[in-house]
Amino acid sequence: MKSALSSLASSKNLNQSPLARSILLPAFVSHRTHFVPAIRRINPTPANFGSNISDHRSLRLKVMASTFNPEKARAPPAVPLPTPPVTKFKIGLCQLSVTPDKERNIEHARKAIEEAAEKGAQLVLLPEIWNSPYSNDSFPVYAEDIDAGGDASPSTAMLSEVSHRLKITIVGGSIPERCGDKLYNTCCVFGTDGKLKAKHRKIHLFDIDIPGKITFMESKTLTGGESPTIVDTDVGRVGIGICYDIRFQELAMIYAARGAHLLCYPGAFNMTTGPLHWELLQRARAADNQLYVATCSPARDSGAGYVAWGHSTLVGPFGEVLATTEHNEDIVIAEIDYSVLEQRRTSLPLTKQRRGDLYQLVDIQRLKSQ
């Protein structure tokens with residue numbers, strides 16, 4: 001073997017052996033004389049250079065789209081992002097303390113909404129279960145008949161009055177709702193005319209058991225909702241989830257496919273899951289779907305039976321935290337700029353890069369309605 005390698009490497013064999021030449025020289029090079037055609041140089045001026053890159057990128061995306069069928073990754077196909085009624089507006093996140101006194105809770109929420117509006121908020125978000133202690137014992141006692149309205153639902157009557165008077169949109173956190181013999185954890189959305197625009201019943205009930213940390217079973221008293229909720233408002237198309245709903249990315253993906261600009265999650269994560277997952281999940285939902293995510297928690301009461309984590313937050317479409325707070329009572333005012341949505345989606349064209357040939361998210365409700 002040594003003598004063979006030595007022989008192959010000799011100058012004599014390099015010059016004479018066809019085998020050696022085919023191994024050691026590139027395929028397009030021969031031992032004969034050859035000519036290289038001249039290459040015309042293009043002066044990469046900024047305009048020319050940028051245009052070439054843009055054209056090349058667009059071509060690649062078209063080729064990928066024709067191969068991967070990204071439109072088939074959503075069934076029915078995703079709705080194009082609608083033009084929002086406003087480009088920029090302020091949102092107010094009212095992180096409220098909650099007590100056993102229902103009348104006090106309602107009046108306290110009213111004042112917080114008014115303060116947020118005074119600071120320029122056109123959309124105000126309240127916490128999960130803001131009119132009642134968060135407990136299975138309290139839900140039946142504090143529950144309201146939202147459909148009946150008036151005296152049967154003083155919490156939503158207040159939201160309706162304030163939204164109309166201040167000409168703002170209110171995503172009213174959530175309250176316990178009684179409907180027949182069932183109880184729900186329900187979020188009501190009121191428009192600037194004071195009318196109820198949408199009602200979301202918490203779809204995924206908070207049933208968890210972390211040994212030595214926390215056990216809670218909402219299903220002992222509450223019934224899960226049966227429909228995703230997306231609503232067109234004066235500040236854009238908004239998808240609604242309540243607390244535990246945020247853990248299920250499929251719901252957020254459905255909202256994005258329906259053209260949502262913003263997802264609102266009133267929630268009350270606890271002292272075990274809050275530090276681990278609260279911000280993480282918000283940023284994941286925002287980054288995955290390239291839209292805004294707003295959350296609102298009750299303020300922390302260390303003496304309560306259920307202790308909320310707090311940290312109400314607004315997250316941008318790149319998964320960046322735009323505004324947040326700690327655990328005490330607070331009103332977070334932040335700006336939402338919908339023009340950023342298109343910028344982010346152009347920089348990361350995920351909708352054009354999905355593999356419809358490999359996977360698909362099915363929106364059963366939309367599919368049945370067709």
Side-chain angles (χ1 to χ4, degrees), residues 74-76 78-79 125-132 134-136 139-140 143-144 146-147 156 171-190 196-209 216-233 237-270 273-274 277-278 280-282 284-286 288-289 291-298 306 308 361-369:
R74 300 290 182 267
V79 174
L125 176 60
L126 297 184
E128 180 184 24
I129 307 294
W130 57 267
N131 72 342
S132 161
Y134 187 86
S135 73
N136 279 315
F139 296 152
E144 300 180 6
I146 295 173
D147 291 338
T156 60
V171 178
S174 76
I175 64 172
E177 177 196 9
R178 186 182 300 280
C179 185
D181 61 350
K182 293 181 178 179
L183 297 176
Y184 298 93
N185 186 341
T186 302
C187 174
C188 294
V189 181
F190 288 89
L196 180 64
K197 296 184 71 68
K199 186 170 69 171
H200 177 78
R201 290 168 171 167
K202 188 175 186 176
I203 295 175
H204 306 92
L205 295 182
F206 181 56
D207 287 5
I208 70 166
D209 181 14
F216 200 100
M217 299 289 167
E218 275 189 329
S219 60
K220 285 184 177 180
T221 55
L222 301 179
T223 299
E226 297 181 347
S227 176
T229 304
I230 191 164
V231 55
D232 286 318
T233 74
R237 186 168 294 178
V238 182
I240 307 295
I242 299 175
C243 199
Y244 206 55
D245 285 339
I246 199 172
R247 290 191 177 273
F248 298 87
Q249 66 268 37
E250 297 87 351
L251 181 61
M253 291 162 69
I254 283 175
Y255 288 152
R258 293 186 183 187
H261 303 104
L262 165 68
L263 305 185
C264 287
Y265 293 96
F269 271 46
N270 55 73
T273 59
H277 302 150
W278 179 239
L280 172 70
L281 289 168
Q282 295 173 62
R285 298 295 85 85
D288 286 350
N289 297 289
L291 39 64
Y292 284 91
V293 169
T295 61
C296 191
S297 168
Y306 181 93
L361 175 75
V362 180
D363 187 337
I364 294 174
Q365 191 179 60
R366 277 184 67 207
L367 209 58
K368 287 182 177 180
S369 67

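Residue numbers count from 1 along this sequence.
- One distance of note links CD of E144 with CG of N131; it measures 5.5 Å at 0.5 Å rounding.
- Counting only heavy atoms from C-beta outward, the side chains of E218 and Y134 approach each other to under 4.5 Å.
- Put simply, the side chain of N270 does not reach to within 4.5 Å of the side chain of F216, judged on heavy atoms.
- In plain terms, the two heavy atoms of A260 and G239 that are nearest each other are CB-N, 4.3 Å.
- Considering T186, D147, T229 as possible partners of K199, the one that fulfils the side-chain hydrogen bond (donor to acceptor under 3.5 Å, both in side chains) test is D147.
- To the nearest 0.5 Å, atoms CG (L291) and NE2 (H261) are separated by 9.5 Å.
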Discussion item. Could you go through R247 and L281, starting from their C-alpha distance and side-chain angles, then the distance that decides it, and tell me whether this counts as side-chain contact (heavy atoms from CB on, under 4.5 Å)?
Written reply: CA-CA 7 Å; R247 290 191 177 273; L281 289 168; 3.7 Å; yes
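- Between W130 and P298, the closest side-chain pair of non-hydrogen atoms is not below 4.5 Å.
- Interatomic distance, CG of L205 versus OH of Y184, reported as 10.5 Å (0.5 Å rounding).
- Heavy-atom minimum distance, S297 versus P127: C-CB, 3.5 Å.
- Interatomic distance, CE of M217 versus CG of D209, reported as 5.5 Å (0.5 Å rounding).
- The nearest pair of heavy atoms linking A252 to R285 is CB-CD, 3.7 Å.
- A distance of 8.0 Å separates OG1 of T233 from CG of L262, quoted to the nearest 0.5 Å.
- A heavy-atom distance below 4.5 Å is found between the side chains of R237 and I230.
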Worksheet entry | side-chain contact (heavy atoms from CB on, under 4.5 Å) evaluation trace for V238 with K197 | CA-CA 11 Å; V238 182; K197 296 184 71 68; over 6 Å; no
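- Taking 4.5 Å as the limit, every side-chain heavy atom of I242 sits out of range of all side-chain heavy atoms of Y265.
- In this structure, R258 contributes its side chain and V79 its backbone to no donor-acceptor pair below 3.5 Å.
- The distance from the CD1 atom of I246 to the NE2 atom of H204 is 12.0 Å, given to the nearest 0.5 Å.
- For P228 against L251, the heavy-atom pair with the smallest separation is CB-CD1, 3.8 Å.
- Contact between T295 and L125 at its shortest, heavy atoms only, is C-CD2, 3.8 Å.
- With contacts defined as side-chain heavy-atom distances shorter than 4.5 Å, the pair F139/I129 qualifies.
- For L367, the CG atom counts as densely surrounded, since its 6.0 Å shell holds more than 12 non-hydrogen atoms of other residues, nucleotides or ligands.
- N185 places no side-chain N or O within 3.5 Å of a backbone atom of S174 that could act as its donor or acceptor partner.
- N136 contributes no side-chain N or O that, together with a main-chain N or O of K220, makes up a donor-acceptor pair within less than 3.5 Å.
- The closest side-chain heavy-atom distance from I146 to I175 is below 4.5 Å.
- Side chain of D245 to backbone of I203: a donor-acceptor contact under 3.5 angstrom is found.
- Across I208 and Y244, no two heavy atoms sit closer than the pair CG2-OH, 3.7 Å.
- Side-chain contact between P176 and L222 is absent, with no heavy atoms from C-beta onward closer than 4.5 Å.
- Y255 contributes a side-chain N or O that, together with a main-chain N or O of I240, makes up a donor-acceptor pair within less than 3.5 Å.
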